[in-house]
Every structure is written in C-alpha cells, then in structure tokens.
Amino acid sequence: MTQDQLKQAVAQAAVDHIRPHLDAKSIIGVGTGSTANFFIEALARHKMEFDGAVASSEATAQRLKVHGIPVYDLNGVDALEFYVDGADESDERLHLIKGGGAALTREKIVAAVARTFVCIADASKLVPVLGRFPLPVEVLPMARSHVARQLVKLGGDPVYREGVVTDNGNVILDVHNLEIVDPVDLEARINAIVGVVTNGLFAARPADLLLLGTADGVRTLTR
Ligand code: 5RP
C-alpha cells in the first residue's frame, strides 16, 4: 500500500468511528494536512448527517466549504465532541508532534475544546521517542532571534522556516536534534519563553485515540 492509501484508510476509519455519534446538531473539529484532507473527502459523503465543522486553518476552512460543509467560528460553538487531525509524530502514549503544516496553534486550540481528539496517521508516524521530526514553534516575528537563543539553551537547533507566515501572522522555528523524553515538561518550558505563541508538542493534551494505517489494516491505539 502507498502512504496515500494508508492515509485514506485511516481517514475512512475516523469517519466510521464518529458517524454513530453524529446528529443534526453535531459540529466536528477538523485538522490540517494531507491526512486531514482525506478525512474531509470521506466526511463530505455524509454531510447531511451533521451540522458543520470548525476548521484549524484557513486552508481547511476553504476545503470544507468547497465540499459543501458549513464552517463555524469556534467562538460561537459551545462544545465539540470530536476533533480529527493528523500528526507528524506520535509516541505510544499518544503524545504528538504537530505543525509540519504550520497550523499548530489553531490545531491546539480546537483540540483543547474537543472532548475526543482522534489522531489519524500512517504507520511511519509512530516513534519510540519524539524528536526525529523537527519540533515546530510558532513565534511572534519580533521575538524570533530571542526565542531561537532560548531554544538553543534547551538543547535544540532552531531553524527559521523561510517564507512561511502562519494564519495568525507569525513565523515558525523548526527545532532540530531534540530527544524528547519528557514531552509534557518540554511543552511547558518552550511555551514559557516570551514571544512563543505555542509549540507543536501535544502532550499536556494528547490524542485520545490514534488510528494508525499499517499494511495489515488500521491499528487502534488508546491512552
Ligand atoms: C499541520 C499538521 C499536520 O497534521 C501534520 O503536519 C501531518 O500532516 P500530514 O497529514 O500531511 O502528514 O500538524 O500543521
């Protein structure tokens, strides 16, 4: 199976997982990236079974609208039963690295509101220790050099993601060469640096369910 077929399989598995819980009032949180895009395609086939979605990026909002799914502002939504999104890495405890698509801050906000965070990924994303994928950090533009110096003190090698401006008007530093043995602690320490908006560790609020696409089918991991 190709990586895209694995992503398609987990996207369909996520739709199968949430469908029994949907009704005409349901609003679904939707992530960003190629796996989330497959989820939108699969979800759109059932758009009459729920009310609409909250998007974690402008790109996702656009794609949802193209598929005829109404998009709501998160501020007007009281509760989200599900947030479905991909990841760049996951460990067995469902701590994640996200932000390869630079949407980490909005993703983290929508995930915080959702009761259940369903992560969908192909098997290559499951790792014993997080950190092989460079950790994205969203930073206010004027704080870029200051934050980079602090990240070096934490043992990382930050690299400015040239040419990328987030949906929030900020920049991204990708931190290489971290071996993240305590993701909850590192998430808090990076977020405490002045000028950081947030970082791509989803450890304080990990996924609740990981649907992992493997050659032998979709594997389900829970915390
Ligand atoms: C975007 C993300 C994505 O979920 C992550 O980059 C995975 O993307 P893909 O599904 O394309 O592999 O965090 O900010």
Side-chain angles (χ1 to χ4, degrees), residues 1-15 28-43 53-64 74 82-91 94-112 114 116-127 130-139 159 161 163-176 178 180 183 187 190-191 196-214 218-219 221:
M1 273 175 116
T2 65
Q3 205 176 15
D4 273 359
Q5 285 169 326
L6 295 177
K7 290 179 182 185
Q8 246 166 335
V10 289
Q12 185 56 54
V15 170
I28 301 160
V30 181
T32 298
S34 57
T35 319
N37 288 346
F38 284 122
F39 173 71
I40 294 169
E41 261 175 46
L43 187 66
V54 167
S56 64
S57 64
E58 299 297 337
T60 288
Q62 186 58 29
R63 192 171 281 262
L64 287 162
L74 183 64
F82 292 104
Y83 177 56
V84 181
D85 197 0
D88 299 301
E89 278 186 355
S90 174
D91 66 17
L94 310 197
H95 297 140
L96 311 174
I97 287 183
K98 291 184 47 53
L104 59 158
T105 300
R106 294 191 187 194
E107 292 173 338
K108 201 175 270 197
I109 294 167
V110 184
T116 307
F117 177 2
V118 180
C119 184
I120 49 177
D122 65 85
S124 70
K125 306 288 182 70
L126 186 65
V127 295
L130 298 175
R132 195 181 50 196
F133 189 92
L135 176 65
V137 181
E138 181 165 351
V139 177
V159 175
R161 204 184 292 182
V164 172
V165 177
T166 70
D167 286 349
N168 315 307
N170 299 312
V171 298
I172 299 284
L173 294 172
D174 291 306
V175 191
H176 294 248
L178 289 171
I180 305 172
E187 180 179 3
I190 294 177
N191 282 347
V196 168
V197 179
T198 199
N199 71 82
L201 278 168
F202 285 52
R205 199 282 180 250
D208 299 300
L209 189 71
L210 172 61
L211 300 174
L212 200 66
T214 77
V218 175
R219 216 180 125 197
L221 284 82

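Here, residue 1 is the first one in the sequence, and each next residue gets the next number. Remember, it's 1-based here, ligands and their atoms both numbered in the order they're listed.
- In this structure, a donor-acceptor pair under 3.5 Å is absent between the side chains of Thr2 and Asp4.
- Asp85 is linked by a side chain to side chain donor-acceptor pair (under 3.5 Å) to Tyr83, Lys98, counting only residues two or more places apart in sequence or in another chain.
- With sequence neighbours excluded, the residues forming a side chain to side chain donor-acceptor pair (under 3.5 Å) with Ser34 are Lys7, listed by chain and number.
- Between Val30 and the choices Ile40, Val54, Val110, the side-chain contact (heavy atoms from CB on, under 4.5 Å) rule is met once, by Ile40.
- Shown here are the side-chain contact (heavy atoms from CB on, under 4.5 Å) partners of Ser90, two or more places apart in sequence or in another chain: Leu94, Leu96, Leu126, Leu210.
- In this structure, Thr166 OG1 and Glu138 CD are separated by 3.5 Å, a value rounded to the nearest 0.5 Å.
- Pocket lining of ligand 1, defined as residues with a non-hydrogen atom under 4.0 Å away: Lys7, Thr32, Gly33, Ser34, Thr35, Asp85, Gly86, Ala87, Asp88, Lys98, Gly99, Gly100, Gly101, Ala102, Ala103, Glu107, Lys125.
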